[in-house]
Amino acid sequence: MSLVFAGVASHAPGITARAERADPQLRDAFYAAYRRMAQAIRGSGAEALVLVGAEHFANFFMDNMPAYCIGMGEEYEGPIEDPDWLKIPRGTWPGNPDLSRRIITEVMQTVDVAYAEEWKFDHGMMVPIHFLDPGGDLDIVPVNINCQGPPLTPLHRVWEFGRALRRACDAAPEKIAIVGTGGISHWPATPNSGKINEAWDRDFLDKWTRGDRDALTAYSDAETLRDAGQGGFEIRTFLAVSGATEGASADIWFYEPIPIFAVGCTIGVVNLDSEAAKQAAE
Amino acid sequence: MSLYSLQKLIYELNRDPRVQRAFTEDLDGLLANYRLTPEEEAAIRTDDVGELYIMGVNGQILMHFAAWRGFEWDEYIQAMKDGLKKHGQVKGGLYAAVDGGEGGAV
Ligand SMILES: [Fe+2]
């Protein structure tokens with residue numbers, strides 16, 4: 001077993017871009033939870049970070065849109081946005097083409113994944129990296145699930161994709177952390193930016209902490225759009241982590257709506273020990 | 001096809017410094033590469049973020065475009081609210097306004 005850490009984290013660009021406009025208490029508590037996650041990843045001995053994101057037409061567009069794509073580059077640059085706007089300096093982060101190739105090859109046993117040797121990170125990758133690996137110590141394996149241009153991959157397939165990622169991680173000798181990054185309910189990049197359906201989020205997170213496959217894969221996209229906005233389609237990144245850690249419970253280390261960040265800010269961590277305990281009991 | 005072309009222009013502009021250079025140095029030449037309606041072309045030429053939003057340009061690439069064109073955050077949100085008042089609901093894509101465009105965190 002070489003998956004040593006699994007969790008989820010928010011990536012909305014306001015988290016860094018509009019930091020000074022947030023309630024300082026909420027903001028600092030959220031940042032502290034993000035840093036705690038960074039520490040936990042470091043403490044796990046992880047050498048690589050599989051970052052499962054939902055990018056925003058930075059690399060993948062409707063001319064050729066993969067449902068799933070895994071990066072296989074030697075390095076990745078970002079942010080694609082104006083660094084002064086995002087307030088994250090531009091830089092490059094190391095990839096690991098050999099590890100990526102092995103992961104892609106194994107995932108392909110069950111999921112027809114695309115791969116990319118070129119990839120420019122947008123805020124969807126840069127915000128988590130800014131908090132979790134600012135020094136570029138981890139090899140990044142970026143993973144994208146199309147949550148932006150329908151038709152979108154169905155949730156039960158996302159679950160299978162997560163399972164495939166797990167199989168691939170377990171086959172690798174490297175110690176690997178997996179982090180899913182997306183919003184829950186939110187209406188970003190609309191006049192309603194800042195609208196958050198907290199009740200929906202808390203209900204979703206309750207299902208997520210239980211790893212409840214049936215409940216998590218039951219959302220229709222029409223329901224998600226109505227109740228959680230188009231930003232809610234990014235729950236796919238959370239489901240991929242659940243699929244990768246099937247049978248495990250998880251904890252929410254932080255959840256608070258921070259409207260100027262345009263999302264209910266979330267840090268969740270899977271109890272990998274609980275997965276082992278459940279397997280031993282069966 | 002046209003909304004697709006309009007979005008493709010913004011997508012390429014957002015990610016490619018060469019396209020950004022062409023935008024500032026030879027906008028006519030750049031626009032000739034995309035099949036835009038006269039209305040779409042005018043909205044691009046005048047940085048009309050509100051109308052681009054209503055036309056159905058994906059919100060994420062439009063947010064990036066607005067920032068690149070120098071819109072402050074509140075100006076960008078206001079431009080979409082104004083566009084909604086002037087032209088009515090978003091005509092395509094996923095980024096329709098809800099609650100009449102009211103609310104949000106400005
Ligand atoms: Fe996002």
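Predicted, not measured: the structure shown is a model, and the values here were computed from it. Throughout, a chain's letter reflects where its sequence line sits, starting with A, and its residues are numbered from 1.
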For Asp63(A), which atoms come within 4.5 Å of any heavy atom of chain B: side chain, backbone, both, or neither? both
Ranked by heavy-atom pairs below 4.5 Å to chain A, first place among Glu12(B), His64(B), Met63(B), Gln7(B) goes to His64(B)
What option among Phe57(A), Phe233(A), Phe61(A) has the most heavy-atom pairs under 4.5 Å with chain B? Phe61(A)
With a 4.5 angstrom heavy-atom cut-off, which part of Ala96(B) approaches chain A: side chain, backbone, both or neither? backbone
Given 3.5 Å as the limit, does a donor-acceptor pair link the side chain of Lys120(A) with the main chain of Arg15(B), or not? yes
At a heavy-atom separation under 4.5 Å, does Asn58(B) approach chain A through its side chain, its backbone, both, or neither? side chain
Step by step, would you call Tyr11(B) with Phe60(A) a ring pair (Phe, Tyr, Trp, His ring centres under 6.0 Å)? CA-CA 9 Å; Tyr11(B) 158 73; Phe60(A) 311 111; 9.3 Å; no
Between Ser193(A) and Tyr76(B), is the side chain to side chain contact (heavy atoms under 4.5 Å, CB included) condition met? List the steps. CA-CA 11 Å; Ser193(A) 175; Tyr76(B) 151 72; over 6 Å; no
Against chain B, label Asp122(A) side chain, backbone, both or neither, depending on which of its atoms sit under 4.5 Å from a heavy atom there. neither
Selection from Pro259(A), Pro150(A), Ala58(A) maximising heavy-atom pairs under 4.5 Å formed with chain B: Ala58(A)
Salt bridge (charged side-chain N to carboxylate O under 4.0 Å, His left out), that's the test. Do Asp82(A) and Arg69(B) meet it? Break it down for me. CA-CA 11 Å; Asp82(A) 180 351; Arg69(B) 298 304 293 158; over 6 Å; no
Side chain, backbone, both or neither: which part of Tyr95(B) has a heavy atom under 4.5 Å from chain A? both
Please assess Trp68(B) against Trp85(A) for the test side chain to side chain contact (heavy atoms under 4.5 Å, CB included), listing each intermediate value before the final yes or no. CA-CA 9 Å; Trp68(B) 183 66; Trp85(A) 179 81; over 6 Å; no
Compare every heavy atom of Gly101(B) with every heavy atom of Pro191(A), then report the nearest pair and how far apart it is. CB-O, 3.8 Å
Just wondering, are more than 12 heavy atoms of other shown residues or ligands nearer than 6.0 Å to CD in Glu74(A)? no
More than 12 heavy atoms of other residues, nucleotides or ligands under 6.0 Å from OH of Tyr115(A): yes or no? no
Could you grab the distance from atom CG of Leu94(B) to atom CD of Gln148(A), nearest 0.5 Å is fine? 7.0 Å
Look at the side chain of Lys195(A) and the backbone N and O of Gly104(B), then say whether any donor-acceptor pair between them is shorter than 3.5 Å. no
Examine distances only and state if a side-chain atom of Asn192(A) and a backbone atom of Glu102(B) form a donor-acceptor pair shorter than 3.5 Å. yes
Per-residue tally against chain A (heavy atom, under 4.5 Å) across Asp99(B), Leu62(B), Val98(B), Val90(B) peaks at Val98(B)
Is Asp74(B) salt-bridged to Arg18(A), going by a charged N under 4.0 Å from an acidic O? no
Can you establish whether the number of heavy atoms outside Lys91(B) located under 6.0 Å from its atom NZ is more than 12? yes
If you draw a 6.0 Å radius around CD in Gln25(A), do more than 12 non-hydrogen atoms from other residues or ligands fall strictly inside? no
Atom pair OG1 (Thr190(A)) and CG (Leu84(B)), whose distance is rounded to the nearest 0.5 Å: 9.5 Å
